[in-house]
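Both counts, for ligands and for their atoms, begin at 1 and track the order of listing. Not measured: the values here are computed from a predicted model.
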Amino acid sequence: MCGIVGVVGNTNATDILIQGLEKLEYRGYDSAGIFVLGGAENHLVKAVGRIAELSAKTAGVEGTTGIGHTRWATHGKPTEDNAHPHRSETERFVLVHNGVIENYLEIKEEYLAGHHFKGQTDTEIAVHLIGKFAEEDGLSVLEAFKKALHIIRGSYAFALVDSQDPEVIYVAKNKSPLLIGLGDGYNMVCSDAMAMIRETNQYMEIHDQELVIVKADSVEVQDYDGNRRERASYTAELDLSDIGKGTYPYYMLKEIDEQPTVMRKLINTYSDENQQMVVDPEIVKAVQEADRIYIIAAGTSYNAGYASKTMLEELTDTPVELGIASEWGYAMPLLSKKPMFILLSQSGETADSRQVLVKANEMGIPSLTVTNVSGSTLSREATYTMLLHAGPEIAVASTKAYTGQVATLAFLAKAVGEANGNEKAKKFDLVRELSIVAQSIESTLSEKELIEEKVRGLLETTRNAFYIGRGQDYYVVMEASLKLKEISYIQCEGFAAGELKHGTISLIEDGTPVIALISDNPTVASHTRGNISEVVARGANALTIVEEGIEKEGDDIIINKVHPYLSSISMVIPTQLIAYYASLHRGLDVDKPRNLAKAVTVE
Ligand code: F6R
């Protein structure tokens, strides 16, 4: 949440900041701002709304150094006063921040009596504190920043400038992501590498509770006591073309369309030319040794965990339990004797998941992060990592990461199962089955017009809707309903089809949309069809998505048959398109739904 950029020592500072913020807009988009210095005068520019509003106000803003921020509000409404950057009491120090300062009210009370604040943010209190130590107590900027860092509790990525000194940006981080980008004769700061990939592919990590002094020609990493730390740079494997929309109207549609490619990429990554699994033997061994697998995740990733549960259990002979990251972070249940944690996370930065990982590490529990972002926090801090290789996912609504997660876990399940001698795992021809899935996705993608038409009739004006399904389809409807509510703002619930009659069916009235998913198992299918009849008898407007082979006359969308372990991939595709078209036809911003942000780095 919130995106930070900074640059020191480049005459195009304003342009670099605005371009960087545009790339980070997915992290938060309710207001934005930049502070630019090192030119004829210093400039603070802020705007409520998108980066385009900010950009429109930057004519004539020139300088060599600056910091910028795009905000996802945590403290105070999205107003210009609450937008970052924030300034100290005398306006000498200027700060941008991503995260949440837990003790900001105590700090205000204890240290900042008599100070005047323009907004309600925790960040403004932090920069006043730094300013107080430097100007009222006479500390150097560095000492003042360090002293403040010793006092501040919570999560933060900070970029600080002294408006009297365009030669340096001071940064520090704890729990929130921040990287240094290394330019040619200048250096940068950014929340993720995508923001600066136009300028450089050379980056340097910052660890928690480190402070970095960034100048045009040097980068010095220290701990909060001033001890220097050596840090090597690394090359980010990102391509500028990966982060463009091409001819697509929205990233979400592009990312939905990329899913067959993601499936094939995963086949090439996790199997060899003889179709043998290529999964790190250390990871296989760690899972083999576990008596229970705990999948920890949030939102769509949590749903992907459920979608993979049966497959993992049947192939590895190990029970799988799901944990909502935001719950487990502070209420870890009784664990088995030899647990193994799998952190599922597209971004690899989700604060809730990280909180659980920190605890797991303290308890000495082995962990595997399955993520799309190499070098992300969850990847760095877990024992092992498997990457999704899905390419950057920029639309806030996750699509290709979900299908990539299920497919990646399929490779893990098969590799562990084979190592265990599990018969089902030996027989499960994953490479072939995943190729069939890729074809099935392509076939569904070729039915976009049909799906769009169905959505027009069903979801254009409704306020609520239901998804129902049984077994594996139940797990998919959890994701389908999340996707629909997230971007169309239709209140939607995903239900186990048999549960409706135990209460929720009272909500069904004339015209209520009910979308049913039916795959694979004919007995289960016939029960779900019974549930459809029950809701139709009460006035529901039903739409069926059915796997071929068990379709009936009148079914709406037919999906090519795939292996039951992988049906959550093929069955989710039409529901992604349904959410997309519902959002589009309701005139909403598909890629940037209200109140949300892509990487959720606050707890
Ligand atoms: C919904 C969505 C979110 C994320 C959740 C976890 O489309 O994207 O529900 O799945 O915030 O994020 P990651 O997977 O980055 O840990």
Side-chain angles (χ1 to χ4, degrees), residues 1-3 26-28 72 175-177 191-192 194 250-253 255-256 259 295-308 322-329 341-357 367-382 385-388 390-406 408-409 475-476 478-489 492 494 572-573 575-580 582-583 588-603:
M1 320 231 119
C2 301
Y26 72 94
R27 300 176 73 92
W72 185 85
K175 297 190 189 172
S176 296
S191 295
D192 74 37
M194 267 197 290
Y250 286 100
Y251 279 107
M252 184 179 179
L253 192 60
E255 290 160 6
I256 290 173
Q259 292 175 105
I295 298 184
I296 312 300
T300 287
S301 295
Y302 178 75
N303 295 337
Y306 259 116
S308 315
L322 269 287
I324 296 180
S326 56
E327 288 293 310
W328 283 40
F341 276 28
I342 298 183
L343 289 301
L344 266 191
S345 174
Q346 186 283 129
S347 62
E349 298 294 349
T350 300
D352 291 324
S353 302
R354 183 181 186 241
Q355 186 59 24
V356 182
L357 180 56
S367 54
L368 163 67
T369 288
V370 178
T371 182
N372 203 22
V373 184
S374 106
S376 55
T377 306
L378 291 177
S379 165
R380 285 201 312 269
E381 296 183 358
T385 296
M386 285 178 80
L387 291 176
L388 303 180
E393 191 181 67
I394 292 165
V396 163
S398 183
T399 52
K400 60 180 180 173
Y402 171 94
T403 48
Q405 283 166 337
V406 178
T408 303
L409 288 177
Y475 300 141
V476 180
M478 285 163 54
E479 169 57 11
S481 73
L482 174 61
K483 207 84 324 169
L484 187 63
K485 48 191 158 192
E486 185 182 8
I487 59 170
S488 74
Y489 316 153
C492 181
V572 85
I573 308 296
T575 73
Q576 296 171 342
L577 289 167
I578 285 171
Y580 173 80
S583 175
L588 303 172
D589 185 339
V590 176
D591 283 343
K592 297 194 185 88
R594 70 182 176 207
N595 303 339
L596 285 164
K598 184 77 180 158
V600 187
T601 53
V602 293
E603 279 170 46

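Close contacts between ligand 1 and Ser345 involve ligand atoms 13 (P), 14 (O), 15 (O), 16 (O) [criterion: under 4.0 Å to a heavy atom]. Every atom of ligand 1 is numbered from 1 in the order shown, and the set under 4.0 Å from a heavy atom of Val396 is 7 (O), 8 (O). For ligand 1, the atoms lying closer than 4.0 Å to a non-hydrogen atom of Ser398 are 7 (O), 8 (O). Within ligand 1, counting atoms from 1 as listed, the ones closer than 4.0 Å to a heavy atom of Ala397 are 7 (O). Atoms of ligand 1 found under 4.0 Å from any heavy atom of Glu486 (numbered from 1 in listed order, with element): 1 (C), 2 (C), 7 (O).
Distance alone, capped at 3.5 Å, places no donor-acceptor pair between the Ser583 side chain and the Ala579 backbone. For the pair Glu349 (side chain) and Thr377 (backbone), a donor-acceptor distance under 3.5 Å is present.
For the side chain to side chain contact (heavy atoms under 4.5 Å, CB included) criterion with Thr300, the lone passing option out of Glu479, Met478, Gln346 is Glu479. Screening Asn372, Thr385, Thr369, Thr371 for a side chain to side chain donor-acceptor pair (under 3.5 Å) involving Ser379 leaves a single residue, Thr385.
Nearest approach of Val356 to Phe341, heavy atoms of both residues: CG1-CE2, 3.7 Å. In terms of heavy atoms, Ser481 sits closest to Cys492 at CB-SG, 3.5 Å.
Residue contacts with ligand 1: Asp352 is excluded, as none of its non-hydrogen atoms falls under 4.0 Å. Not close to ligand 1: Ser353, with no non-hydrogen atom less than 4.0 angstrom away.
Taking the side chain as every heavy atom from C-beta outward, Ser398 and Lys483 approach each other to under 4.5 Å.
The protein heavy-atom contact nearest to atom 14 (O) of ligand 1 is Ser301 OG, 2.5 Å. Looking only at protein heavy atoms, the nearest one to atom 10 (O) of ligand 1 is Thr300 N, 3.1 Å. Scanning the protein for heavy atoms near atom 6 (C) of ligand 1, the closest one is Ala298 O, 3.3 Å. Of the protein's heavy atoms, Thr350 OG1, 2.4 Å lies nearest to atom 16 (O) of ligand 1. Closest protein heavy atom to atom 11 (O) of ligand 1: Val600 CG2, 3.8 Å.
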| query | Given the rule in the side-chain hydrogen bond (donor to acceptor under 3.5 Å, both in side chains) test, do Ser301 and Gln405 qualify, once you have shown the distances and angles that lead to the verdict? | reply | CA-CA 8 Å; Ser301 295; Gln405 283 166 337; 3.0 Å; yes
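Below 3.5 Å of separation, one finds an N or O of Lys483 facing an N or O of ligand 1. Between Ser347 and ligand 1, at least one pair of N/O atoms sits closer than 3.5 Å.
In this pair, Tyr250 and Tyr580 present their aromatic rings perpendicular. The plane angle is above 60°, beyond the 30 to 60° band.
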